[in-house]
Amino acid sequence: MSPSDFLIIPFDDWVNFLVRDWLVPNFRPIFRAMQVPISMVLKGLDDFFAFVPMVVTTLVFALLAFKYAGRGMVIFTILGFAFIDMIGLWPETMTTLSMILTSVLFCTIIGVPVGILAARSDLTWKIARPVLDIMQTIPSFVYLVPIVMLFGVGMAPGIIATIIFALSPIIRLTNLGIRNVRTDLIEASTAFGSTPMQMLFELQLPLAMRTILAGLNQTLMLALSMVVITALIGAGGLGLTVNTGLGRLDVGGATAGGVGIIILAIVLDRITQGLGEQKKVETTSLRQTLISLFKPGAPAPAHAGKAA
Amino acid sequence: MTSKISVKNVFKIFGDKPGHALDMLKSGQSKNDIFEATGQTIGVQNAAFDVKEGQIFVVMGLSGSGKSTLVRMLNGLIRPTSGEILIDGDDIASCSPAKLREIRRQKIAMVFQHFALFPHRTIAENAAYGLKVKGVSSDERRERALLALEQVGLSSWADSLPADLSGGMQQRVGLARALATDPHVLLMDEPFGALDPLIRKEMQEELLVLQRTLKKTIVFITHDLNEALMLGDRIAIMKDGEIVQVGSAQDIVSQPANDYVAAFVADIDRGRVFTAATVAIEPSTLQLADDTAGDAVRTMEEENRSAVYVLDGEDIAGVVTYQQAAAADRDSGTSDVPIADVLITDFPTADRDTQLADLYAPASSGLPIAMTDADNRLIGVIEPEAVFAQLSADPATPDTEPQVEADQRELAPTA
Ligand SMILES: Nc1ncnc2c1ncn2[C@@H]1O[C@H](COP(=O)(O)OP(=O)(O)OP(=O)(O)O)[C@@H](O)[C@H]1O
Ligand SMILES: [Mg+2]
């Protein structure tokens with residue numbers, strides 16, 4: 001005796017009907033149109049990284065690592081990228097990099113304004129929060145299906161899946177960063193007659209920047225974690241290498257792809273983390289920052305400590 | 001002098017059902033009872049006062065008495081539950097957000113207890129913030145910000161960040177930021193509360209020096225009675241959201257409105273509150289050329305004084321004591337002794353605003369103190385006993401007679 005003896009709910013049929021017979025025929029053009037900007041950005045980045053010689057790209061990343069992550073990371077970047085090149089995965093790595101940058105770009109374009117809105121209105125935040133929870137907790141495989149139905153297969157649908165999965169932290173942390181701006185500063189800004197826009201750009205965004213960048217870092221990491229999964233629906237790059245390797249039981253190929261992803265992840269993570277931390281010591285002059293970079297043993301500049 | 005700020009029947013109740021709390025308040029229930037019954041907090045109740053242009057109006061009260069709420073209503077950071085707040089006739093309580101913004105940009109600036117400097121901006125950018133918001137060009141902005149920083153003695157720090165400055169310096173920047181827009185009204189919410197005592201004293205003195213030239217209308221919040229007495233042209237004392245007394249420092253110390261205020265002022269250093277003018281009396285004088293020692297003796301006997309001042313024309317020539325004049329008069333028999341023979345030319349002086357604490361030493365000489373104006377003319381005489389009486393007066397039974405007299409004289413030229 002169980003409830004199913006009395007009632008059978010054809011839940012799968014309902015969903016099929018909703019997606020197949022209503023959403024897809026009615027909204028297909030809209031879903032197609034949504035892919036256009038994504039495909040354009042992706043193609044641009046992909047062409048760009050294919051065009052720039054490997055040595056130049058590596059050099060640029062080494063410089064970024066030097067500026068934001070310290071000397072150890074410079075060495076790691078150079079060795080890591082050289083290793084990727086030598087195992088023959090450089091083009092795939094650049095494709096993955098383009099996909100990730102595209103996802104993160106769109107996450108930022110969508111996430112920061114939504115985060116700002118959520119910070120300004122409790123109602124928006126009340127609505128946004130459960131949606132974000134769902135977006136982040138649903139196993140990514142589950143929504144690959146509707147995405148394929150709505151958008152088809154390929155790079156752009158893969159990026160859309162990535163955007164949905166990785167959007168949450170940047171919205172959350174933009175909201176958090178803005179809400180955490182000290183109330184007395186908000187009061188001061190209001191007291192001098194700021195408009196809401198002036199307050200946003202003069203005060204809230206600059207002071208929330210560290211937190212927003214931390215959100216960006218998390219979004220980037222989530223996007224990286226989607227690389228292999230989106231390869232299932234036709235996105236290329238290192239994810240495809242891993243999947244192909246797994247499919248053929250080619251342990252070597254799958255591991256090579258995996259190592260490529262890990263190297264890319266570490267470099268991107270450390271650089272974006274450094275980006276956020278840079279803001280913390282902004283009170284230190286550039287000269288002092290540089291000195292402390294060259295002399296790791298040198299005591300931190302006096303007021304860097306005070307600001308922290 | 002006209003009223004710059006006029007506050008009328010202002011109430012502020014924090015909570016979602018202010019109406020009910022308002023009714024209970026009107027039926028005479030206390031802040032605590034209302035909170036227990038309704039969950040509504042009384043921020044400010046029935047505040048009413050005027051601040052004249054160029055005055056420093058100090059609001060003083062213990063923590064939670066509603067000072068911050070009151071001062072924040074003056075620039076609309078908190079909107080009152082009911083009542084009117086007029087600044088130059090515009091009602092802050094009911095005007096549109098755009099109008100309010102305009103008033104904040106043009107007329108009112110605020111200085112905060114914890115400085116509230118923008119940590120990501122340099123000192124000059126902080127000082128220029130109000131101008132930037134108003135849309136002043138960047139060159140003019142910097143120039144005016146530097147000018148304001150100069151007024152507070154910090155122009156050499158223009159390109160530092162707030163974190164590089166000490167608390168006292170940060171609050172000077174807070175002041176410069178407020179002064180840079182050249183507002184008519186300055187709101188200061190415990191601006192020196194976070195500073196240590198020496199710096200605080202220094203800042204108080206500096207504020208008074210600045211105010212001498214700036215002549216802003218200032219609403220100054222403090223929970224320190226000494227600070228209130230030192231700075232305030234007028235002082236309002238708050239308790240549980242209510243203003244229990246408004247008056248000059250001397251009014252409040254000499255005539256506390258109730259036991260609460262009396263307890264507050266009980267330990268106050270009266271020597272710093274009262275000035276020479278509050279104990280001075282009308283002088284009766286003699287003329288150097290015309291009068292004799294005998295005349296001096298008669299005058300002092302009539303007026304029951306122990307000494308009398310002698311003028312040479314309009315200038316003070318000196319003072320004659322009863323002892324010396326009487327002795328000289330007796331010794332000379334029938335012939336008149338010229339007053340110059342018994343004249344003491346080394347006499348103590350004070351001006352109208354000299355604090356009683358500073359009159360303690362001169363009063364100890366036993367001679368009455370000459371209160372003089374800017375031209376060294378005699379405008380009053382202070383008997384040593386009056387100084388000691390005022391310094392030791394029990395605030396519950398104040399000796400108000402010279403006080404009233406002094407007040408009338410003080411009000412006369414301005415009325
Ligand atoms: N936003 C608010 N919501 C609810 N109650 C408030 C709010 N702001 C102030 N209050 C209450 O109003 C009363 C007056 O507070 P206010 O901050 O004006 O006091 P204050 O005199 O400035 O005290 P302090 O010296 O501690 O700064 C207090 O009982 C406080 O708890
Ligand atoms: Mg307060």
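Quick caveat: nothing in here was measured; it's all calculated off a predicted structure. Labels below follow one simple rule: chain letters A, B, ... track the order of the sequence lines, proteins then strands, and each chain is numbered from 1.
With a 4.5 Å cut-off on non-hydrogen atoms, L207(A) touches chain B through its side chain but not through its backbone. For R177(B), the parts lying under 4.5 angstrom from a heavy atom of chain A are both the backbone and the side chain. Residue L117(B) touches chain A through its backbone alone, counting heavy-atom pairs closer than 4.5 Å. In this structure, chain A has a heavy atom under 4.5 Å from the backbone of I108(B), while its side chain stays farther away.
A heavy-atom distance below 4.5 Å is not found between the side chains of F118(B) and E202(A).
Residues of residues 173-200 of chain A lying under 4.5 angstrom from chain B, judged on non-hydrogen atoms, are R182(A), D184(A), L185(A), E187(A), A188(A), S189(A), T190(A), A191(A), F192(A), G193(A), S194(A), T195(A), P196(A), Q198(A) by number.
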